[in-house]
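Atoms within a ligand are numbered from 1 in the order they appear, just like the ligands themselves. FYI, side chains are in, hydrogens and waters are out, and symmetry mates aren't considered; it's all heavy atoms of this structure.
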Amino acid sequence: MISRKNFLKLTALGGLAPLQRWSAPPFSASGGVNKPLVISTWNHGLPANEAAWEVLSQQGRALDAVEAGVRIPEADPEVRTVGYGGYPDRDGFVTLDACIMDEQERCGSVAALQHIKHPISVARKVIEESPHVMLVGEGALQFALGQGFEKENLLTEASRNDWQEWKKDADYQPEINIENHDTIGMLALDSSGNLSGACTTSGAAWKMHGRVGDSPLIGAGLFVDNEVGAAAATGLGEEVIRTCGTHLVVENMRRGDDPETACRKAVQRIVEKNDSVEDIQVGFIAVNKKGEFGGYSIQQGFNFAVYESGNNRLIDAPNWAAS
Ligand code: SD4
């Protein structure tokens with residue numbers, strides 16, 4: 001019998017969605033490279049992929065594609081886990097984490113950023129307009145404002161109401177992963193054969209103020225190595241950080257694993273590091289230089305969107321719990 005706590009944690013990550021196990025092996029291009037291609041986490045990956053595909057189908061750069069793609073859920077108040085409309089922390093502040101990485105392994109990141117609707121674009125500016133990789137909190141906000149980003153209120157009425165509802169029972173422990181949250185991680189292979197990735201989130205709902213997850217951390221929430229492949233993560237960020245999850249996925253591919261196997265082995269690592277993973281969900285997606293892709297999660301319910309050959313579709317990832 002599943003406990004209420006676990007129910008919340010699993011539903012948070014879509015864990016009780018009907019399982020339609022995707023049993024086919026990852027796409028394998030015969031001889032050629034499957035490009036362009038874009039892949040991203042969860043249902044909100046579908047419209048995000050559309051925007052990315054507009055760039056890719058015009059021979060655009062993967063970096064531009066992933067930025068354009070993830071800006072869609074960032075701006076959508078109905079997506080309560082990314083950008084504008086995202087759930088606040090336990091003190092009512094919407095704090096956003098994002099990072100982006102290109103084919104030259106240049107990367108930019110912002111964490112605990114408030115008031116800016118498109119943290120992914122600020123992360124890109126960190127690459128282009130600063131000598132740094134990561135800016136956080138007030139400093140990230142000052143940087144964004146200096147770059148011309150507009151200061152906005154990101155807490156929608158719906159998210160404020162949900163937060164106030166949550167506060168009625170909240171015990172204010174520094175718990176994470178209590179309620180619904182899911183990040184968008186996006187990976188693209190452009191028609192020049194270059195890889196880039198982006199990852200953006202409002203993080204765990206009702207998190208401690210100042211808590212930063214895996215999503216803005218290069219090697220945890222996102223990693224790109226243009227010689228090998230790229231990976232993105234979603235789920236309980238603390239577990240992804242502990243294992244340098246996406247770096248591990250890419251290194252697995254470097255040693256010859258196909259993307260799905262590389263993700264499965266990273267999930268296995270998390271499983272091995274915990275006495276129980278009953279309460280934990282983590283999902284990975286990965287793409288390699290040939291345009292093969294795959295995903296894997298701990299619990300059932302994780303899905304990802306793939307746009308290839310002019311066709312955008314959702315795939316239910318295989319998972320450890322069902323194995
Ligand atoms: C975090 N990994 O902040 C993010 C949240 C997430 O699906 O991806 N949820 O830990």
When you compare ligand 1 with Leu236, is there at least one nitrogen or oxygen pair between them that comes in under 3.5 angstrom? no
Regarding ligand 1, does Thr183 bring an N or O atom to under 3.5 Å of one of the ligand's N or O atoms? yes
Going by the atom numbers of ligand 1, which of them fall below 4.0 Å from some non-hydrogen atom of Gly203? 3 (O)
Ignoring hydrogens and geometry beyond distance, is a side-chain donor-acceptor pair present between Asn49 and Ser40 at under 3.5 Å? yes
Is the shortest side-chain N to carboxylate O distance from Asp258 to Lys290 below 4.0 Å? no
Hey, can you tell me if Phe293 and Phe304 have their rings parallel, tilted or perpendicular (30° and 60° cut-offs)? perpendicular
For the 3.5 Å polar cut-off, considering only N or O atoms, please tell me whether Thr234 and ligand 1 meet it. yes
Kindly confirm or rule out an N or O of Asp214 lying under 3.5 angstrom from an N or O of ligand 1. yes
Name the one of Val70, Leu187, Leu222 that satisfies side-chain contact (heavy atoms from CB on, under 4.5 Å) with Cys199? Leu222
Which segment of Ala204 sits under 4.0 Å of ligand 1 when only heavy atoms are counted: backbone
According to a hydrophobic-cluster definition based on side-chain heavy atoms being under 4.5 Å apart (Ile, Leu, Val, Met, Phe, Trp, Tyr only), do Val94 and Ile184 belong together? no
Of all the atoms in ligand 1, which lie at a distance below 4.0 Å from a heavy atom belonging to Asp182? 7 (O), 9 (N)
Do any heavy atoms of Arg211 fall under 4.0 Å from ligand 1? yes
Out of all atoms in ligand 1, which are within 4.0 Å of some heavy atom of Ser215? Include the element for each. 2 (N), 4 (C)
Please confirm whether the ring centroid of Trp166 lies under 6.0 Å from the ring centroid of Tyr87. no
Salt bridge (charged side-chain N to carboxylate O under 4.0 Å, His left out) between Glu103 and Arg61: does it pass, once the steps are laid out? CA-CA 9 Å; Glu103 76 285 352; Arg61 192 175 163 210; 3.3 Å; yes
Under 4.0 Å between heavy atoms, the region of Glu239 that gets near ligand 1 turns out to be neither
